[in-house]
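The block underneath contains the structure these notes are about, expressed in structure tokens.
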Protein chains: 2
Amino acid sequence: MVLVERDDTGVTLHDVTLHGITLHSVTLHDVAREAGVSYATASRALNGSDRTVRADNAARVRDAADRLGYTPDLSAQATARGSSSTVALVVSDIDDPYFSSIAAGVTEAATDAGLIVTMAIADRSPGLELQIVRALRGHRPRAVIIAGSRIAPAASTSAPASSASAAASAAAASASASASASDDDDTRAALIAELAAYQQAGGRVALISQDDLPFTTLAIDNTGGARQLALDLAGLGYRRFAIAHADDSIRTSHDRRLGFAAGLAEAGLPPPALLPTDFTRAGGRQAALDLIARGHGDLELVFAVNDVMAIGVMTGLRESGLLPGRDLAVAGFDDINAAVDVSPALTSVRVPLHELGRRALASALAEPPPHTTTDRASAAVSGPMSVPIPVEVILRPSTPTRRHP
Amino acid sequence: MVLVERDDTGVTLHDVTLHGITLHSVTLHDVAREAGVSYATASRALNGSDRTVRADNAARVRDAADRLGYTPDLSAQATARGSSSTVALVVSDIDDPYFSSIAAGVTEAATDAGLIVTMAIADRSPGLELQIVRALRGHRPRAVIIAGSRIAPAASTSAPASSASAAASAAAASASASASASDDDDTRAALIAELAAYQQAGGRVALISQDDLPFTTLAIDNTGGARQLALDLAGLGYRRFAIAHADDSIRTSHDRRLGFAAGLAEAGLPPPALLPTDFTRAGGRQAALDLIARGHGDLELVFAVNDVMAIGVMTGLRESGLLPGRDLAVAGFDDINAAVDVSPALTSVRVPLHELGRRALASALAEPPPHTTTDRASAAVSGPMSVPIPVEVILRPSTPTRRHP
DNA sequence: TTGAAAGCGCTACCAG
DNA sequence: CTGGTAGCGCTTTCAA
């Protein structure tokens with residue numbers, strides 16, 4: 001199966017015939033022979049950590065290496081070393097600007113660290129997410145970063161807002177959330193177990209925006225940001241609000257909704273009307289359509305718990321013949337790139353998505369090892385840390401200063 | 001370094017102490033012992049291709065495997081098999097909706113094929129792209145998909161349109177393109193060599209929208225789409241056009257520009273004014289600002305060679321006090337998700353990005369092996385194929401039907 | 001500082 | 001159909 005043929009230049013080629021395909025590549029062996037040193041020395045010169053190779057030998061090896069076009073086989077390195085040079089990134093939906101910005105940050109940081117990222121898409125399903133994390137184990141990644149879990153599976157999504165009044169729908173949302181609670185809890189427990197095992201095996205994990213799991217988490221200040229937004233909007237003169245939000249099983253939605261309500265209360269304003277819907281652009285649009293269809297009364301502003309929804313709201317408003325910003329103000333959360341592309345530009349709460357990605361990787365890598373051979377207790381001592389990610393309100397034309405009549 | 005300890009359940013744990021970190025994982029060895037069969041049999045039962053394991057044995061092995069929580073070490077598998085289970089995806093900028101949609105498609109298809117994708121970001125630099133492809137080799141991916149190369153490096157980007165008249169700038173753009181041509185050519189040649197070597201080694205490659213390289217390519221019908229767009233727009237009553245385009249070294253821009261001009265000619269209309277600028281949102285905005293600043297005369301419509309630029313144009317128009325669609329129509333190309341979020345919704349040429357990603361992976365995987373051991377000539381016979389990707393004009397409110405005065 | 005050789009976890013050959 | 005075993009390409013001890 002393996003035939004080693006030598007040509008006059010001393011270059012050795014390994015031709016591995018496999019399934020009828022001929023692979024062909026330069027190995028460390030070839031480099032060593034070409035450089036006239038041993039296998040071990042070549043290894044040390046090229047990828048060794050404790051560098052104890054004489055300068056001239058090292059040079060000859062490096063020389064031979066790139067004369068031959070040698071690239072270390074990372075898989076082999078990984079098996080030999082017991083740890084790979086990859087990090088795994090799990091996102092709900094790479095086609096969502098929120099996640100693609102995070103992915104950009106993670107990838108950038110990984111590249112800087114000499115790591116390469118493997119990406120998987122959980123499609124907003126905790127079940128799939130769990131499955132992915134399991135499959136990922138096989139790659140023995142140095143770290144796994146999960147962005148955007150804790151999204152209710154499709155089945156448990158709240159009933160469309162169209163079918164009921166705001167108040168009734170909110171109740172329905174809670175009900176459907178508890179209906180699937182036990183399934184969700186199972187998945188959640190399994191994910192925790194999986195991640196814990198992975199961590200035990202030396203892996204690092206960082207979660208983005210899921211402060212309810214016992215792992216290092218980058219916690220976006222959803223509550224504080226929404227609260228501040230409410231306060232700032234009140235300062236602009238707004239008095240009557242509605243919130244387009246998703247099922248409470250989506251922590252992000254839940255926290256932002258509560259934070260916003262808290263800010264309103266703090267400003268001495270009445271509680272907002274609730275517009276329960278999906279956590280998507282379509283959800284936002286539908287919420288707006290329904291709202292206008294049944295009459296929005298004296299409502300002045302709709303806060304959607306994320307920008308994608310807010311953009312949906314703007315679209316829905318327009319389809320209903322209303323001009324966002326003028327007839328009804330709109331605000332979102334996340335400050336995705338598109339926030340400045342819509343018109344009027346969208347007021348939002350800026351989350352440093354790109355930076356968040358960078359820091360997620362950094363935090364994971366910086367995590368203390370699970371335990372050293374000598375000190376098994378240390379792991380328990382330094383528990384999962386929470387990295388707070390501050391956010392910032394960005395006022396834009398979608399919420400113009402309001403002159404009260 | 002390796003100590004094997006056996007506990008009463010028969011489970012064996014390998015504790016590998018490395019750099020002071022203790023890894024810990026279940027190997028095939030453990031599974032084999034737990035199931036009471038040989039190593040080889042366990043391997044066959046779990047991941048073998050030619051399945052010749054007695055049913056009861058197979059069952060016992062599977063059983064043991066998930067009792068122990070065994071996951072094959074993919075790196076080890078890859079070294080042993082000589083081929084990995086990953087595909088590499090190189091995109092210019094994952095935070096750009098064009099690429100993130102493609103990435104979603106590739107990832108989806110990869111998951112379906114049981115492959116996992118490693119992603120790298122070339123940051124729109126051919127140099128970086130080359131570097132990445134080189135680094136990727138180490139992972140021995142089954143296939144590499146490159147989306148969006150042939151983007152001029154920052155240094156050779158055309159001069160800002162603001163500094164000159166449209167005509168003069170166009171000349172400048174060509175000039176700067178040729179100025180950096182030799183550097184570009186070097187990089188290009190190196191990339192081709194690298195990819196060819198990779199292919200020789202059994203790898204598959206698919207390129208998206210770079211029909212000038214000798215590899216399987218998914219060729220978006222840029223020329224035809226732009227031509228059809230021009231024709232349709234003419235049908236709507238438009239007569240005087242401008243094109244916001246980028247440096248001609250960016251093939252995509254070049255082809256779309258020429259296709260559009262051809263369509264105009266075909267419709268018996270005068271050639272478009274040229275607005276050379278950057279291939280980005282900022283570029284589009286700047287082009288619009290400059291255009292309005294020096295007076296757009298009787299211009300009726302601006303075609304930007306991609307949606308991101310078109311959205312920039314709309315923003316620039318608004319900043320100049322013009323209403324896109326009413327005062328000046330705007331059209332783009334790509335039909336990214338955001339095209340329907342802006343207002344008025346953007347007329348564009350739909351490129352099936354998600355599907356494109358799926359097909360890119362499929363095409364790469366379907367590629368004939370470079371050559372079999374017996375038939376070295378076959379590779380030359382079945383050269384690189386070009387997979388045409390049809391596009392479709394989508395008319396939206398940013399280009400309302402025009403009544404001529 | 002170097003070379004020999006024993007691993008890493010797994011696959012695939014060869015006898016039986 | 002099964003077990004033994006020689007690889008895969010690399011790292012890292014261990015003596016020299």
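The chains referred to below are lettered A, B, ... by the order of the sequence lines, with proteins before strands, and numbering in each begins at 1.
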Determine: side-chain N/O of [X] to OP1/OP2 of [N], distance under 4.0 Å, yes or no.
| X | N | value |
| --- | --- | --- |
| B:Gln77 | C:dG9 | no |
| B:Ser38 | D:dG3 | yes |
| A:Asn57 | C:dT1 | no |
| B:Thr41 | D:dG3 | yes |

Next on the checklist: Here's a test of your reading of the structure: between B:Arg54 and A:Ala40, which maps to the more 5' nucleotide of DNA chain D?
Outcome noted: B:Arg54
Can you tell me the distance, in whole Å, between the [atom1] atom of [X] and the [atom2] atom of [N]?
| X | N | atom1 | atom2 | result |
| --- | --- | --- | --- | --- |
| A:Asp73 | C:dC8 | CG | P | 18 Å |
| B:Tyr39 | D:dA6 | OH | P | 14 Å |
| A:Leu28 | D:dC10 | CG | C1' | 7 Å |
| A:Arg44 | C:dA4 | CZ | P | 11 Å |

Checklist outcome for this item: Judged by nearest nucleotide, the residue sitting upstream toward the 5' end of DNA chain C, B:Leu74 or A:Gly36, is A:Gly36
Item to check | Heavy-atom check, side chain of A:Ser85 versus side chain of B:His139, under 4.5 Å | outcome: yes
Checklist entry - Checking all strands, does A:Ser43 fall into the base, sugar-phosphate, or nothing category for heavy-atom contacts under 4.0 angstrom? => result base
